[in-house]
Amino acid sequence: MRDMMCDVYEKNWGAIRSHHRRHNRVQDVYNFRLNELDGERIGRLLLGVYSDQQVQFKLNMSFGFMLRHRVNGELRYFHASHNNHRLFERPYVIGTRHDIIDVAQRFKTSDIGELVTRERENSAWVLEYVTNVSIYVYKLGNYPLVGAPPINFPKYIKENKHILDMRRHPKTGVLFKDNLCLFRCLAHHLKSGDIAHCEETPKALFARYQTSIGGRDGVSTFKGVSFQQLGDVEKCFQCNIYVYELEPNASQDANEGQTLSSQTVAKLLRRSPCRFQDSMYLNYYDGHFSYIKNMNFYAHTFSCSRCRRLFKQNRLLQRHIPRCNMHVKHRFPGGVFQLSSSVFDRLEAVGIVVHSRDRFYPYRITYDIETYLDKEDVIPSKSAKLNYIGQHKLLSISVCSNVPGYDRPQCFISEGDDPQLVDNFVTYMTEISQAAFEHMTEGGPISNALQSIKELVKDYGPMDDCSEGSESGDDNDCEDSNYVKKVLKPLLGSLLNYCRQIPVVGFNSGKYDINVMKGLLYSSLEKNKDDEDDSQPAVSQIIKRCSDYLCISTKWLKFLDIKNYLAPGCSYSQFLKAYKCQEQKGFFPYDWMDSLSKLKETSLPSKDSFHNKLKDTDLTDEEYQYCQKVWKDQNMETFQDFLVWYNNKDVVPFLEALDKMFDFYRAKDIDMFKQGISVPGLTLRYLFKDIKEDVFCLFPKRDKDLYYLFKDNIVGGPSIIFHRYQERDQTKIRNGKMCKKILGFDANALYLWAVMQDMPTGIALRRKEVTGFEREFTHNLQKTAVGWLEWEAKKRGITIKHALNGKEVRVGGRQLPVDGFSASGGEGGKPIIFQFQGCYWHGHPCKFNEGKTHNEKRDKPLTELFEETQTITEYLKSLGFEFVEIWECEWRSERRKSPQIRQFLKDLFPYPCQEQFKMTEQEVLHHIQSGDIFGVVECDITVPDHFPTTSLFTPRTLSIAKWTRTRLI
């Protein structure tokens, strides 16, 4: 064996020996030979790598190792690689000595054996020896303090006409030696934009910045502004700052006649998180900021710094960045999946119960805009292949609601001033929302809940400063103060926001209506926000999908699109028909309406004027007669009256359909506009809200490999899109035969079949071959405590919330978690607290603890644990809730005496294999094949030797899943 190992060493000595590739621009690699896997030595090596670097970097590690075949003794060497078997799933960013020490600590807790055995062909291969470690350093670029300019710029920057380098004094030509390049850029930007303070010099701007951050630096001692400090500059001058870096495009030849901007790629280094109305664009090079005069001509190509994808326009890059998933972070919280808690769930935790029938927000607003195609205001075309024929402009906006006093439609007509039209629209809706808020908060169950919270805040007293080291009172006062500050006050704010924010619903508004007026809408929302919210942005949340606005939230309004709640392709008329609305959509001459002056026409346009060029359709005689009848019956005098009638027809029946749709979801205990912005979110809530027998557990961090195992082995079938054009009796198929029939098949129904199949539920239990198939729970089962809580729930006919059907509820000023909580299960609807006390964990003086004086797990005497438990019990009883407590010994005695309890627990936990600490491979396979459990088996498959080498199959490890019933082994 020793000779065989020496041969492997000799053949792979070039990879095993200690050698390094240092001082590279992008990546350094350090390789160290190992005699043993010593955590302390690895830590010293990491510190040495850290000392050798000059800038921040990302770090990852990989090991070279040998595997031995247990049958024939063969040794095989596996090279260290930054692509295949990295130690960390994501590289660590190293900026300080503490970061590298943290990585060393993470290494000590990593399972190297588990990592390297992923590469084995089958389970016959075992780890023999770890030979070397490679440390990969990915440099983040030298971003020092930004200040004094470099002496020389490269040619591609000096000759770029759209960059002001800010290196020399414009009159004397003397090179600046201070560090005020950012403030010179800012002074030029403010001056060219004709903005307030435009006459301020760079030194004056620098002084204003120093004042805003409380700095004391002078011009001579100022070292510059770092990238991290740009946020302070943005807040000081109310200006978004974007930073780019130019890189020569090595893949493109600089042909003669080619512009300089087409030879460079602009990489976005910093994207502003702010949303100020003014934006400044800067070029970064060698610690110096230059001013970009025109972003449209700054560079021909723009690059995403994450995925390196290229774009022809900066706006396309900006649209891509929020959706770029190159660096998506995965969180593995573990525990039981639960729906997000509503404000009413949080009220229950403080003893305030609102009846289920009163947990639905009753009010909503509908709106619709009409536009006309202004053919006189044509946007100049930038391409010979593109020709604009006109521009869509606002014509009118109709609004209707079900709020008392505002239930009649209101139509706002354009007079050529689009900003004023949108202002009127937003002001009116804000007025409706404020009226709805008064109705919600003046009388009724919500008003009672608000009053109860305010009384609780008053009872617990003012929010004194109880920070560490303060002398404002005793511990109880601090607990009450923190309870008000961290629980009651936020809860009061959430309930007020629930009452204040009214849903504003449009049809296809996210794709059309909002995009038509979004530039004006934001300004109007800013004007209409309250004076006390002056420091906060008018828009608190925007959710987009490409150019589709799913949700825009403000203090008073929540813009939604009903199409996100409907099946794809559903039209407005189909939506009204589905809910049997009496009124239907009207008719309008869109192509004829191309000027505001036509609103003054005193007669209905001719039938030909209603021709729709987009759909190539005309009105029937009956439809045109209907329009004439409306004109006569409504006593219309001008076409503006007809516009008002038509626009209102889009909001009144729409509101009726929404009411019926709302009632449909209300019957399923879902407040559709408050609990979701699309049908997938409502579907998830519907699926999980009534699941009581089973739980869905999330993978904890220690078992994250299970997530990647399933994800990596999900393989879809072939997806083929045929582009061949076929037309009946016109095109030919197969040997010149005429096409007689065209059939279309939709496989989407397979998804419906799939969601009807059994799913893995309950607590996941792992068994690995390397541990002899010992059981490993991914979640603390807590069978004894949960069994008692579920028995109490059945016996009392109530629902008890606990760790296996959601998070444990926290109660009181101390916010202590309780084992079980029922919001209204007590006498007279009073909340109940349930506590299951484990005898060993809480120091109970019973037969289970005979001869014991110390709890080794918690390192405390049993008497001290018992006293702590008694103190907590007295505190919970003092909260005014009903209190039910049982000790573990008492519950075990009840369970032993009652056959009914034992049968209940057997049905509650139907896990046939969980009681077995170890199982054989044959036992595992037998239980899966018999359908006793929901099993997933990862097994090794190799290609037989008699298969040809050109086979599509390759000898590698595959994962095969066997799906049976609804339990997971």
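Values reported hereafter were calculated over all heavy atoms of this structure, with side chains retained and with hydrogens, waters and symmetry mates removed.
Formation of a donor-acceptor pair under 3.5 Å by the S898 side chain with backbone atoms of E894 is not found in this model. Between the side chain of E864 and the backbone N or O of K860 there is no donor-acceptor pair closer than 3.5 Å.
Residues Y840 and E888 fail the side-chain proximity criterion, which asks for heavy atoms closer than 4.5 Å. Here the side chains of F437 and L496 are in contact, with some heavy-atom distance below 4.5 Å. Within the 4.5 Å cutoff, side-chain heavy atoms of W841 are placed close to those of N855. For the pair R767 and E774, the minimum side-chain heavy-atom distance is 4.5 Å or more. The shortest side-chain heavy-atom distance between L566 and M661 falls under the 4.5 Å cut-off. In this structure, the side chains of I832 and E792 stay at 4.5 Å or more apart for every pair of heavy atoms. At a threshold of 4.5 Å between non-hydrogen side-chain atoms, the residues W887 and C846 do not count as touching.
A donor atom on one side chain and an acceptor atom on the other are not found under 3.5 Å apart for R500 and T441. Looking only at atom types and distance, the side chain of R359 has no donor-acceptor partner in the side chain of S342 under 3.5 Å away. The closest side-chain donor-acceptor pair between H802 and E790 falls under 3.5 angstrom.
Classification of the H439-Y363 ring pair by plane angle, with boundaries at 30° and 60°, yields tilted. Ring orientation note: the planes of F673 and F662 are close to parallel, at an angle under 30° on the 30°/60° scale.
The residues D659 and R364 are annotated as salt-bridged, a charged nitrogen and a carboxylate oxygen being separated by less than 4.0 angstrom.
For the atom pair I872 CD1 and E867 CD, the distance stands at 12.5 Å (nearest 0.5 Å).
Side-chain rings of F834 and F821 stay apart, their centers remaining 6.0 Å or farther from each other.
For the pair R766 and F777, the cation-pi test (distance below 6.0 Å, angle within 45°) is failed.
Contact detail for M440 and Y361: the closest heavy-atom pair is CE-CD1, 3.9 Å.
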Output, in order, the C-alpha distance, side-chain angles, deciding distance and verdict of salt bridge (charged side-chain N to carboxylate O under 4.0 Å, His left out) for K830 and E882.
CA-CA 7 Å; K830 198 175 184 179; E882 285 192 24; over 6 Å; no
